[in-house]
Amino acid sequence: MCGIVGCVTAGADAPRILIESLKRLEYRGYDSAGVAIIKDGAIETMREVGKLSNLESTLGNSGLMGGTGLGHTRWATHGRPTEVNAHPHRDGSGRIVVVHNGIIENFRELRKELQDAGHEFASDTDSEVIAHLVQSNFSGNLTEAVHASIQRLQGAYAIGVMHADEPELIVGARKDCPLVVGLGDGENFLASDVTAVMDQTTTVVYLDDGDIATIRRESVAIQNAQGEPVEFVPTKISWSLSQAERGGYPHFMLKEIHEQPTVISDTLLGRLDEEEGEVRLEELALSDDDIREIKRVNIIACGTSWHAGQVAKFYIEQFARIPVDVDYASELRYRSPVLEKGGLMIAISQSGETADTIAAMRMAREAGCSIVGVCNVIGSTIVRESDGTIMTHAGPEIGVASTKAFVSQLVALLLLSIKLGRVRGVLTKEDVQEHCRKIRHLPKAVESVLQTENHVRKVALKYVSAQDFLFIGRGVNYPIALEGALKLKEISYIHAEGYPAGEMKHGPIALLDEKLPVVAICTKSAIYDKIVTNVEEARVRDAKMIVIANAGDEDIKEVADDVIYVPEVDEFLSPIINVVPLQLLSYFVAHERGCDVDQPRNLAKSVTVE
Ligand code: G6P
């Protein structure tokens with residue numbers, strides 16, 4: 001996820017306007033930033049690694065002025081966060097520049113084709129192909145060149161494009177990534193979201209997928225994917241700036257919960273080959289022979305990522321039949337684990353900087369294991385020190401309690417497990433094809449869970465004064481019970497425990513009374529009847545039962561005080577669905593208790609110390 005901005009103005013103030021706009025998009029990524037300004041018939045570009053403030057001081061000292069420009073703040077997906085990989089990217093002539101948010105899935109193929117035609121590339125990014133493509137299609141009309149170029153792009157994009165020959169023009173286009181045009185008085189703007197233009201204007205046009213906007217100082221024209229003119233109706237923004245930064249949501253956590261359908265799509269992008277019955281994980285760095293020879297998998301992680309590891313144990317054992325151990329990194333590093341050559345270590349970390357996980361990884365390296373990092377931050381230590389990686393493409397997560405990053409980890413680990421299973425011959429081509437079909441349905445299923453938000457809120461309000469909560473689940477949903485309990489603890493400060501439902505009678509059953517709410521994950525599974533029995537056991541001891549069940553399960557109402565229905569999916573996909581109502585439940589309980597949902601006390605987003 002990156003942020004893009006553009007402006008066509010009368011004065012010479014574009015650098016300042018772009019920087020101010022980018023500041024509001026820094027939540028979309030902040031590993032490097034850049035601007036390009038048209039000046040005296042040429043384009044001048046400035047890029048800096050790190051936070052936007054670095055670019056701001058370089059620009060401030062440069063004296064660069066101009067009225068038309070593009071800017072970008074980057075969340076790296078392809079290519080490390082270096083200056084060369086920072087946007088804007090140029091074509092070979094340096095007369096065309098592009099800023100891009102999204103992922104171009106077929107960039108390797110396009111790059112090869114363009115290189116064969118003589119184009120020289122400067123960066124490792126997928127985005128640079130767009131600049132070269134536009135140049136190869138340009139014959140005097142930038143909008144037409146962009147239109148021809150996007151026909152070749154597969155994947156997701158929001159782009160801004162400029163040509164040095166057109167000092168008062170920027171062209172924007174989008175597919176599956178947000179893009180708005182800001183309408184000013186004798187000046188117009190382009191941005192990834194409205195927050196970026198709100199200092200300049202509150203009148204915007206939301207572009208639709210396939211739209212191309214031709215933005216000049218005095219006019220804006222929009223055409224659709226077929227090249228036909230679009231009659232657009234501007235929207236007047238009534239939000240305050242601080243609301244707008246959170247996309248209108250009261251907290252980043254709620255916004256991030258709602259981003260999960262998109263995050264799942266992004267993490268799947270380009271990785272499911274349904275036709276061939278294959279999962280493609282290009283940066284895994286394990287050959288098929290390596291995969292066939294794996295004797296054992298050790299998963300290490302901390303916090304929420306450790307719960308993703310627990311789900312992955314189910315996945316890998318089920319789909320690839322490889323034995324899996326899951327350890328807290330802080331535990332593994334201080335015992336004498338059996339780590340051997342031929343073993344595979346999977347290090348899961350949204351930040352890529354967790355000190356214990358890094359230390360445990362280094363132990364595995366010493367022992368001769370291969371290491372795969374499952375991570376959300378490209379260029380982070382865990383990514384750099386792993387042999388192979390699976391990036392999770394959740395975009396920056398601002399809320400300290402992890403939600404969308406967790407879901408993206410589950411998706412990435414599911415893909416890895418299916419890949420391992422296919423290569424080792426446990427899964428047939430047909431099995432993988434069927435799994436792919438079901439996995440593709442996930443974003444829609446999560447969307448429909450999000451529609452239960454009001455009901456979850458009502459349920460949450462009934463239990464805000466509880467002092468303790470118990471979360472129970474079984475099988476692949478046991479780690480989800482753990483995650484539900486952790487989420488509630490982290491943000492509401494209510495004591496909560498996750499337990500495998502079958503273990504209840506070995507201890508926690510002694511706690512049950514009418515003051516204890518029990519959240520039971522009771523969706524359809526091979527052992528559905530057993531967990532219903534566990535729910536009944538708790539219910540007859542007067543516990544208040546909040547049950548997550550599949551839509552249509554009417555009988556469950558008999559043993560529940562409150563039911564939250566979610567769509568029925570195959571059991572292996574159910575953790576990705578079931579965690580969502582638990583996130584919402586925690587959010588509403590914490591919010592109602594007046595807690596600082598996004599920045600809970602004593603916690604940090606990234607724990608870089610032991
Ligand atoms: C902190 C965060 C958690 C996170 C854990 C592990 O405790 O607050 O949300 O799950 O660290 O972080 P990692 O970046 O390694 O996933």
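One-based numbering, in listed order, for ligands and for the atoms of each.
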Discussion item. Under 3.5 Å, is there a donor on one side chain and an acceptor on the other for T392 and N376?
Written reply: yes
Worksheet entry | Atoms in ligand 1 flagged as close to S402, the criterion being non-hydrogen separation under 4.0 Å | 9 (O)
Discussion item. If I apply the N/O under 3.5 Å rule, does T354 come out as touching ligand 1?
Written reply: yes
Worksheet item: So, E397 and S402: side-chain donor and acceptor under 3.5 Å apart, yes or no?
Response: yes
Discussion item. Distance alone, cut at 3.5 Å: any donor-acceptor contact between the side chains of K487 and T304?
Written reply: yes
Discussion item. Angle between ring planes, H72 versus H87, binned at 30° and 60°: parallel, tilted or perpendicular?
Written reply: parallel
Response to the item:
Counting from 1 in the order shown, the ligand 1 atoms closer than 4.0 Å to a non-hydrogen atom of S305 are 10 (O), 13 (P), 16 (O)
Worksheet item: Backbone or side chain, does any N or O of S351 fall under 3.5 Å from an N or O of ligand 1?
Response: yes
Worksheet entry | Short side-chain to backbone donor-acceptor contact, D598 and H251, under 3.5 Å | no
Discussion item. Using heavy atoms and a 4.0 Å limit, tell me yes or no: is C302 in contact with ligand 1?
Written reply: yes
Worksheet item: At a 4.0 Å threshold, what atoms of ligand 1 neighbour a non-hydrogen atom of V400?
Response: 8 (O), 9 (O)
Worksheet item: When the ring planes of H78 and H393 are compared, do they come out parallel, tilted or perpendicular, using 30° and 60° as the limits?
Response: parallel
Response to the item:
Note: ligand 1 atoms sitting under 4.0 Å from heavy atoms of T304 are 10 (O)
